[in-house]
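A quick write-up on the structure given underneath.
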Amino acid sequence: MSGVPQRTLLLWCPDWPVLAAEIVDGVPATDPVVVLHANRVIACSERARAEGIRRGLRRREAQGRCPHLTVVDHDPGRDVRAFEPVVAAVEEVVAGVEVIRPGACATAARGPSRYLGGEEAAAERIVEHVAQSCAVESQAGIADGVFAAGLAAREGRIVTPGGTREFLAARPVEALGRPALADLLRRLGVRTLGEFAALPAGDVLARFGFDGALAHRLAGGRDDRPLAVRQPPADLTVTADYDEPVDRVDAAAFAARMLAERLHERLAGYGLACTRLGIEAVTAHGQELHRVWRHDGLLTAAAIADRVRWQLDGWLSGSNGRGGTRPARPTAGIVRLRLVPDGVLAQAGLQPGLWGETGEERERAHRALSRVQGILGPEAVVTAVLGGGRSPADQVRLVPWGDERAPARPGPPPLPPAGAAPGAASAPVVVPAGGGAGRRAGRGRAVAEPPWPGRIPPPSPAVVLPTPLPADVRDAAGEPVVVSARLAVSAAPARLTVGAGRPAEITGWAGPWPVDERWWAPAEARRRARFQVCLADGAALLLAVEGGQWLVEAIYD
């Protein structure tokens, strides 16, 4: 961690657990109130402090000091729910807000200070807006870094740029928020943050560990962690108001198509797709209608328009209530139509299956492949499962169609496409008797896997040969290229000959990536090195040299 700490504005709401209890549960914060966790006070109201109650007291001692005390159990969910409107109010004034904890949020001070007329004006504006919007009292502090800004907010202070170290120096070590570390520092004679910051960083790391080293940086005003700002939720709802009430199905279908295109464009702008659609309508007489449509795949603009048209047709073509079997139609035309994407996800997170959308097509394909297995045997139709390994061949395992798709080596397998049937997550490979062509290695999916020393870097090759092809690699002088036991390459590879083919010029190469597997078992030990080479004709190959023999293992696109 290095660099200058970011100028940070932090908003702090005092006694937030108490205020959250008032907002959610109606407990008056003006009374003596304490919030308990593990039978100890973690927050108290101003009236409770006036009775001598402090944080850390046990419940019995707190009630002894104030018999008419109101006790509230700690509820983190309640604190978060109550704080969300405050964060939303801050986001109405400034962009890029990070929630530190319920009751405190921070943002970069540079932007607000520039367009609100200075840091002091920005702090006052945010505090005033929160008070007007949420009826919550708060304090703001500005300093270099989140830690110093939090301490400044408790005093409602703006620390001058570059003065954070001096501001922190006189603070007690308890300000670090690490009780065990503060108690140890006190016993060692270190009482202030300035004294702690004056200690050598290496000695602090050796004595107090990594967490102590982080606290040492904070004490010295070197809080250079960037803000992890949250993205405010986007308003994806689209609404259309009509001057003339819509009471005909054809007019409603036209309105539905226009509104569906607007919704689809808005979702596409955020990289989202809709799987559940809420349709709301308001009539001229104030009647409100609402339905939710669900879809197994992605709702395209045409699919959204169809569902809105179907729903409007059902509403506007309903019975008049005199013995009809259909629901009664609205008493007036529709003056407002709203589409609410009730279920959204990243557009890349759901894709049609190999056989199209969910339904008969996929089931028919599954039955057909099962029939092929019945004729040719279970091993005739297989699917690829990605796992861990050092070579592309190790990372792919072929399992029969319908069997459990578990990787052979450690490493989470890739997620199957949404809606896929068991055993049908990947494209099947029909293998005729006697073997066949190369296997396809999965690409383009970021999967967190355990480390495999010696594994080749991405990208993964497109085709993994079932049987490596013998090759000959020579340098510019025509001499064979060899790799020593210390992984020293005798010369730069210049020409490659695969099998009985013609020599090809090597225009680029990378490696070696050594692999020394199962060295503790001589009968199973393997030692080889891999290279990536580019040829003059544009081809890219993965080569391996083992025991002095060059092999072509895979081919890149």
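All of these numbers come straight from a predicted model, not from anything done at the bench. Starting from 1, each residue takes its place in the sequence as its number. These numbers come from the heavy atoms of this one structure, side chains and all, not from hydrogens, waters or symmetry mates.
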For the atom pair CD1 (Ile304) and CG (Leu339), what is the distance rounded to the nearest 0.5 Å?
7.5 Å
Keeping the roles fixed (side chain from Gln139, backbone from Arg154), state whether a donor-acceptor pair exists under 3.5 Å.
yes
Worked verdict on Leu263 versus Leu267 for side-chain contact (heavy atoms from CB on, under 4.5 Å):
CA-CA 6 Å; Leu263 176 61; Leu267 290 172; 4.2 Å; yes
So, for Gly117 and Ala121, which heavy atoms are closest and what is the spacing to 0.1 Å?
O-CB, 3.7 Å
Nearest heavy-atom neighbours spanning Ile279 and Arg307:
CD1-O, 3.7 Å
When rounded to the nearest 0.5 Å, the distance separating CD of Glu119 from CD1 of Ile142 is 4.5 Å
With a 4.5 Å cut-off on side-chain heavy atoms, are Phe167 and Leu151 touching?
yes
Say you draw a straight line from CD of Glu124 to CG of Leu116; how long is it, rounded to the nearest 0.5 Å?
11.0 Å
Closer than 3.5 angstrom, by distance alone: can the side chain of Thr107 be matched with the main-chain N or O of Leu9 as a donor-acceptor pair?
no
Do Leu312 and Leu337 have side chains that approach each other closer than 4.5 Å (heavy atoms only, starting at C-beta)?
yes
Can you check whether Ala104's main-chain N or O pairs, donor with acceptor, with Trp16's side chain at less than 3.5 Å?
no
Heavy atoms of Glu22 and Pro28 approach each other most closely as OE2-CA, 4.0 Å
Check for a donor-acceptor pair, side chain of Ser45 on one end and backbone N or O of Asp31 on the other, with a separation under 3.5 Å.
yes
Tell me if a side-chain donor or acceptor on Thr8 pairs with a main-chain N or O of Gln6 at a distance below 3.5 Å.
yes
What one should report as the nearest heavy-atom pair of Ser138 and Val127 is O-CG1, 3.5 Å
For Cys105 and Phe83: C-alpha separation, side-chain torsions, deciding distance, then whether side-chain contact (heavy atoms from CB on, under 4.5 Å) applies.
CA-CA 10 Å; Cys105 59; Phe83 192 57; 4.2 Å; yes
State whether the side chain of Ser113 and the backbone N or O of Arg110 hold a donor-acceptor pair below 3.5 Å, judged by distance alone.
yes
Under 3.5 Å: donor-acceptor pair, side chain of Asp144, backbone of Gly162
yes
Does CD in Glu155 sit with more than 12 non-hydrogen atoms of other residues, nucleotides or ligands closer than 6.0 Å?
yes
Over 12 non-hydrogen atoms of neighbours within 6.0 angstrom of CZ in Arg336
no
Indicate the ring-plane relationship of Trp310 and Trp293, choosing parallel, tilted or perpendicular according to the 30° and 60° boundaries.
tilted
Give a yes or no answer on whether the side chain of Asp79 reaches the backbone of Pro102 with a donor-acceptor pair at less than 3.5 Å.
no
State the CZ-OG1 distance between Arg266 and Thr237, to the nearest 0.5 angstrom.
8.0 Å
